[in-house]
Structure formats: structure tokens, C-alpha cells
Protein chains: 2
Amino acid sequence: MNASAASLIARFTKWEALDFDAGRCPVRDVLDRVGEKWATLVLIALGVRSRRFNELKRAIPDVSKRMLTQTLRTLERDGLVTRHVFPTKPPSVEYRLSPLGTSLLQPLAELIGWAERNHEAIQQTRAVFDGAAT
Amino acid sequence: MNASAASLIARFTKWEALDFDAGRCPVRDVLDRVGEKWATLVLIALGVRSRRFNELKRAIPDVSKRMLTQTLRTLERDGLVTRHVFPTKPPSVEYRLSPLGTSLLQPLAELIGWAERNHEAIQQTRAVFDGAAT
DNA sequence: CGGGATCCTGCAAGATACTG
DNA sequence: CAGTATCTTGCAGGATCCCG
């Protein structure tokens, strides 16, 4: 147990005492974003460099245009990504990570680092669990 | 931009060069967990202390029994939580955070800390965005 | 090129009722 | 107390076609 985790636990203990309402917890917004299938990938891809719509789509081959558009709108709405239109012909639109979006990259990186370090252990545990269930 | 974020970006650049498949990315498992509505709350509540089923339910008032059971099963399957049955009458079952689950608490805490520091800015940006859309 | 509009499907998650 | 079983609904996300 480290300092940040201990602090989190202390905060939760207070929320709990106040009969907190998970539905209105503002932290949900952020966790929901992280849970969205494409949001994190878009943030990371834009962390590498600013990109145009179809550049992004090539960087993340499996995303559909629809979901990419929707993901970008959501991220823009939350101020994590900015959209810059250049009135060329045909039009070109560049997406950039905002300072806020860039700052999110750090905690995200730590979470993903944890996932990379531990996903093998998770998959083994899972195999054992599923085997025992049979 | 800090070290862990820079490292993440470097890794992504390599994935991208290898034409990576998001559907098979093992990191998804973890991000999906974080996105699940109750999983993080359960992990934090168990970080405070080990608890029994109905203790957990009281700590997180809005969760239904069904979702709590399902969430606990998933976390147990991934080895983040362990389940201990005491054959008393009536039966009592205690859930504990495993070492793996405890280690997840740290990156999670940083993400939630970020969310707490920035949710106000996000909500303001969102209000402006929605206002402009009208 | 950078989308928008529509239709469709599957799954997360809630409501309710029952049980060892 | 600690669940299971069943039904239902909302929404994420995919497929397809259209547009300036």
C-alpha cells in the first residue's frame, strides 16, 4: 500500500460516512471515458502527435468512422482534445491533445503500465478459475 | 509530458508500426474492468478493509445484489479479490483484496486523483461546448 | 476528406421474485 | 446471510448509405 492509494482509501471512508451517491460522483465521468473502447487509444495516438481524421483512423485500424467521430466529439466536449479546421479543398481537420488531455496521459500511462505488467498473471488466474468451474 | 507518459507513447508507436489489433490487446481487459460501473468502487471499499457481502452492499448503497455478485465474481476470476466462506449458520462470506488487487489500487488512485482535480474544469468546458452547440 | 443519418445487435445493468 | 433466476431496458458500438 502506497501513499496515493492510502489517500484514496481515506477519502472513500469519508464518502462512505456521508452516504454518498455513486450516480452523482463526478469521478464517474472520467472512469467512463477510460472504459470507452476507443477513447484511450485516441488520446495516446494524439499524444504521439497531432493528427487528422483519417490519419487517426489509420493509426487505429479497427475503429469505424462513426465511433471515431463520436469518440472525438466526446473528448472535445470534455476539453481533452481540440479540433482545428483548415478551409482547404478538400477540407482538412486536425485534432490535438489539449494541455488537460496531455495531463491525463500520465495517470493513464501508469494504469496501462500496470496492465502490461500483470495481464499475464490475470489470464492465468482466469484460466484456473474457469477450469475449476468445470 | 512526464516519463511514464513518454514511455507509453513510445510503446504505442511500436504497436502502430506492427499494425496492432485493438480487439486482442490484453490491456483492454483491465480498462474494461475500470470502466465497469461498480468494479472500482468495490476494489476501493475492499481496500479500506475486508468485508462481507452485505457489508459491501451497505458501503455502496446504489448497487443491486445482482450487480454486486456479478462484479465480485469477475474480480475474483481475475484474481483481484479472494472469497472466503465460513461455514457458520447462517453462512458468512468474506471478500478480501488480493495482493494483485492491492497493487492495482495505486494506479487507480492516481487516475481518480486526476479526476478529482480536474472534473470541475471538465464540467465547465462541457457547459461551454453544449452552449455553443445551441 | 471529414463527416452525418439511420438501422441494428449485443451486452451492461436494473427490477423483481425465489432459495439453501 | 448470501446469493440465483428471470425478465426487461438503455446504450455502446458496428454496418451501411449519403453529403458538401
Side-chain angles (χ1 to χ4, degrees), chain A residues 21-25 28-43 45-46 50-78 81-96 129 133, chain B residues 21-25 28-43 45-46 50-78 81-96 129 133:
Chain A
D21 178 357
R24 296 197 178 149
C25 174
R28 275 252 64 83
D29 288 354
V30 177
L31 297 191
D32 286 347
R33 272 313 82 67
V34 174
E36 278 168 30
K37 192 166 180 181
W38 306 110
T40 58
L41 279 170
V42 168
L43 288 175
L46 291 180
S50 299
R51 308 199 199 216
R52 295 176 35 198
F53 187 87
N54 279 335
E55 273 185 288
L56 261 176
K57 187 155 170 24
R58 276 190 296 276
I60 311 172
D62 294 359
V63 73
S64 66
K65 280 189 301 185
R66 182 186 185 281
M67 287 318 297
L68 183 55
T69 304
Q70 184 176 302
T71 302
L72 285 166
R73 285 291 165 281
T74 311
L75 294 176
E76 189 193 356
R77 187 171 106 102
D78 285 1
V81 158
T82 57
R83 182 171 181 271
H84 307 267
V85 184
F86 300 100
T88 55
K89 234 175 70 159
S92 73
V93 180
E94 188 174 275
Y95 292 92
R96 299 177 192 158
F129 187 92
Chain B
D21 178 357
R24 297 199 177 149
C25 173
R28 275 252 64 83
D29 288 354
V30 177
L31 297 192
D32 286 347
R33 274 311 82 67
V34 173
E36 279 168 29
K37 192 166 180 180
W38 306 110
T40 58
L41 278 170
V42 168
L43 287 175
L46 290 180
S50 300
R51 307 197 200 220
R52 294 174 35 196
F53 187 87
N54 280 336
E55 274 184 288
L56 261 176
K57 187 154 169 27
R58 276 189 297 276
I60 310 173
D62 295 358
V63 73
S64 65
K65 279 188 301 184
R66 182 187 184 283
M67 288 316 298
L68 183 55
T69 304
Q70 185 175 302
T71 301
L72 285 166
R73 286 290 167 279
T74 311
L75 294 176
E76 189 193 356
R77 187 171 105 103
D78 285 1
V81 158
T82 56
R83 182 171 180 272
H84 306 267
V85 184
F86 301 100
T88 54
K89 234 177 67 162
S92 73
V93 180
E94 188 175 274
Y95 292 91
R96 300 177 192 159
F129 187 93

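So that the names make sense, note that chain A is the first sequence line, chain B the second, and so on, each numbered from 1. Side chains included, hydrogens not; waters and symmetry mates left out as well; all remaining heavy atoms used.
Using a 4.0 Å cut-off, some side-chain N or O of B:R83 falls inside it from OP1 or OP2 of D:dG3. Contact annotation: B:Y95 side-chain N/O to D:dC1 OP1/OP2 distance is not under 4.0 Å.
Atom P of nucleotide D:dC1 and atom CZ of B:F53 are separated by 11 Å, given to the nearest angstrom. As a whole-Å value, the separation of A:L68 CG from D:dA15 P is 14 Å. Atom CG in B:L41 sits about 12 Å away from atom P in C:dA13, given to the nearest Å. Atom-to-atom, CD of A:Q70 to P of D:dC11 comes out at 12 Å; the value is rounded to the nearest Å. Going from atom NZ of A:K57 over to atom C1' of D:dG13 covers 14 Å, rounded to whole Å. The CD atom of B:E94 sits 15 Å away from the P atom of D:dC1 (whole-angstrom rounding). The distance between atom CH2 of B:W38 and atom P of C:dA12, rounded to the nearest whole Å, is 15 Å. In this structure, the CE atom of A:M67 is 15 Å from the P atom of C:dG3, given to the nearest Å.
Using a 4.0 Å heavy-atom distance criterion, B:K37 is classed as a sugar-phosphate-only contact. As judged by a 4.0 angstrom heavy-atom cut-off over every strand, B:R66 is placed among the base-contacting residues.
Considering every non-hydrogen atom in both A:V63 and A:L68, the closest pair reads CG2-N, 3.7 Å.
Comparing B:E55 and A:E36 along DNA chain D, the residue whose closest nucleotide (by nearest heavy atom) sits nearer the 5' end is B:E55.
Annotation: the span from A:Y95 atom OH to A:L56 atom CG amounts to 8.5 Å, rounded to 0.5 Å.
In this structure, B:L41 and B:W38 have side chains that are in contact, with non-hydrogen atoms separated by less than 4.5 Å.
Considering only side-chain atoms of A:V93, the nucleotide from C:dA13, D:dC1, C:dG2 that sits closest is C:dG2. Considering only the side chain of B:T69, D:dT4 comes nearest among D:dT4, C:dG4, D:dA2. Picking from D:dA2, D:dG14, D:dC17 the nucleotide with the shortest atom distance to the side chain of A:K65 gives D:dC17.
A:R73 pairs by the salt bridge (charged side-chain N to carboxylate O under 4.0 Å, His left out) definition with A:E76, not counting sequence neighbours. Taking A:E36 as the reference, A:R33 meet the side chain to side chain donor-acceptor pair (under 3.5 Å) condition, with sequence neighbours excluded.
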